[in-house]
Amino acid sequence: MAQLSEGAQAPDFTAESTQGTITLSGLLAQAVEGVVVYFYPKASTPGCTTEACDFRDSLNSLKGAGYAVIGVSADPMPALERFAEKQSLNFPLVSDPEHEILLAWGAWGEKKNYGRVYEGIIRSTVVVGRDGLVRLAKYNVKATGHVARLRKELGLDA
């Protein structure tokens, strides 16, 4: 599936998370501004831990600005539960082992690492407005400093 672009309708989903079953439409209905959906390759790896902890540490200000946050990976639920507990993550992590959400959102595809080409999760962040439309879509993002860049693009930081 192609990557999402600004103005596109975000695909709704229902999925198991570390905080129970969630739907994108349900989160949007509760959000003032929208939902930040971020996709990461693997729980408890250094880059993914850095990114998750950045979202954790920024969650209060993101919530204050009207945004909910969810993380999505292909990890099985037990791995996500351990990751969330160990890192004290305060937002839901979604398990997508069949890659249905990842494919629909353009976060699964060809990757290159040290000259090797393979299929995998593309580190991405998509911000969806209350209307269900994509406000911001970033693919192949760097884990370090990503949340700060996102906050700046959302106009939360000068």
Side-chain angles (χ1 to χ4, degrees), residues 1-43 47-75 80 83-84 89-112 118-158:
M1 184 82 169
Q3 295 179 342
L4 299 178
S5 57
E6 292 176 26
Q9 183 69 44
D12 197 7
F13 60 81
T14 300
E16 289 304 312
S17 82
T18 53
Q19 297 181 7
T21 302
I22 61 172
T23 63
L24 176 64
S25 53
L27 291 171
L28 287 171
Q30 296 173 6
V32 174
E33 288 292 326
V35 177
V36 175
V37 183
Y38 84 95
F39 301 89
Y40 60 98
K42 189 158 181 59
C48 296
T49 299
T50 296
E51 186 177 28
C53 290
D54 279 353
F55 273 112
R56 176 199 66 204
D57 296 344
S58 294
L59 189 64
N60 285 340
S61 64
L62 287 167
K63 275 186 174 178
Y67 293 97
V69 173
I70 59 173
V72 180
S73 76
D75 293 308
L80 295 180
F83 183 45
L89 301 181
N90 47 3
F91 54 88
L93 299 177
V94 168
S95 175
D96 185 26
E98 304 298 321
H99 310 150
E100 292 171 4
I101 301 166
L102 293 160
L103 285 164
W105 287 62
W108 179 268
E110 188 175 279
K111 296 175 65 164
K112 294 177 184 161
Y118 59 97
E119 292 275 304
I121 296 174
I122 299 163
R123 189 181 305 277
S124 316
T125 299
V126 178
V127 179
V128 182
R130 273 195 56 123
D131 56 5
L133 299 180
V134 175
R135 287 193 184 165
L136 190 67
K138 297 290 180 184
Y139 292 90
N140 294 307
V141 300
K142 301 269 185 250
T144 304
H146 171 61
V147 176
R149 287 188 296 277
L150 177 67
R151 292 176 51 77
K152 195 168 197 166
E153 289 190 56
L154 290 173
L156 305 179
D157 293 336

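Heavy-atom basis, side chains included; hydrogens, waters and symmetry copies ignored. If you're wondering where the values come from, they're calculated on a predicted model, not measured in any experiment.
Rounded to the nearest 0.5 angstrom, Glu33 CD and Leu156 CG are separated by 9.0 Å. Once rounded to the nearest 0.5 Å, the distance linking CG of Leu28 with CD of Gln30 reads 9.5 Å. The CG atom of Leu24 sits 5.0 Å away from the CH2 atom of Trp105 when rounded to the nearest 0.5 Å.
Residue Ser17 comes nearest to Gly20 through the heavy atom pair OG-O, 2.7 Å, listed as atom of the first residue, atom of the second, then distance. When all heavy atoms of Val35 and Tyr67 are compared, the pair lying nearest together is N-CD2, 4.3 Å. For Ala104 against Leu4, the heavy-atom pair with the smallest separation is O-CD2, 4.1 Å.
Contact of the Asp54 side chain with the Tyr38 side chain is not registered, since no non-hydrogen atoms from C-beta on lie closer than 4.5 Å. Side-chain contact between Phe13 and Ile70 is present, with heavy atoms from C-beta onward closer than 4.5 Å. Counting only heavy atoms from C-beta outward, the side chains of Leu150 and Val127 approach each other to under 4.5 Å. Annotation: side chain of Arg149 is not in contact with side chain of Lys138 (no heavy-atom distance under 4.5 Å). The shortest distance between side-chain heavy atoms of Glu6 and Leu136 falls below 4.5 Å. For the pair Phe83/Thr49, a side-chain contact is recorded, criterion being any heavy-atom separation below 4.5 Å from C-beta on. Looking at heavy atoms from C-beta onward, Val126 lies in side-chain contact with Tyr139 at the 4.5 angstrom threshold. Here the side chains of Arg123 and Pro41 are in contact, with some heavy-atom distance below 4.5 Å.
A donor-acceptor pair is defined here as one N or O able to donate and one able to accept, closer than 3.5 Å; no such pair exists between the side chain of Asp75 and the backbone of Leu80. Distance alone, capped at 3.5 Å, is enough to place a donor-acceptor pair between the Ser124 side chain and the Ile122 backbone. Looking at Arg130, its side chain does come within 3.5 Å of a backbone N or O of Ala31 through a donor-acceptor pair.
Shown here are the side chain to side chain donor-acceptor pair (under 3.5 Å) partners of Gln19, two or more places apart in sequence or in another chain: there are none. In this view, Leu133 and Gln9, Asp131 satisfy the side chain to side chain contact (heavy atoms under 4.5 Å, CB included) rule, not counting sequence neighbours.
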Derivation of the side chain to side chain contact (heavy atoms under 4.5 Å, CB included) call for Trp108 and Ile101
CA-CA 9 Å; Trp108 179 268; Ile101 301 166; over 6 Å; no
Give the C-alpha distance, both sets of side-chain angles, the deciding distance and a yes or no for side chain to side chain donor-acceptor pair (under 3.5 Å) between Arg151 and Ser61.
CA-CA 9 Å; Arg151 292 176 51 77; Ser61 64; 2.6 Å; yes
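Of the listed residues (Leu93, Ile121, Val72), just one forms a side-chain contact (heavy atoms from CB on, under 4.5 Å) with Tyr40, and that residue is Leu93. Of the options Leu62, Leu89, Asn90, a side-chain contact (heavy atoms from CB on, under 4.5 Å) to Val69 is made by Leu62 and by none of the others.
More than 12 heavy atoms of other residues, nucleotides or ligands lie within 6.0 Å of NZ in Lys111, so this atom counts as buried by the packing criterion.
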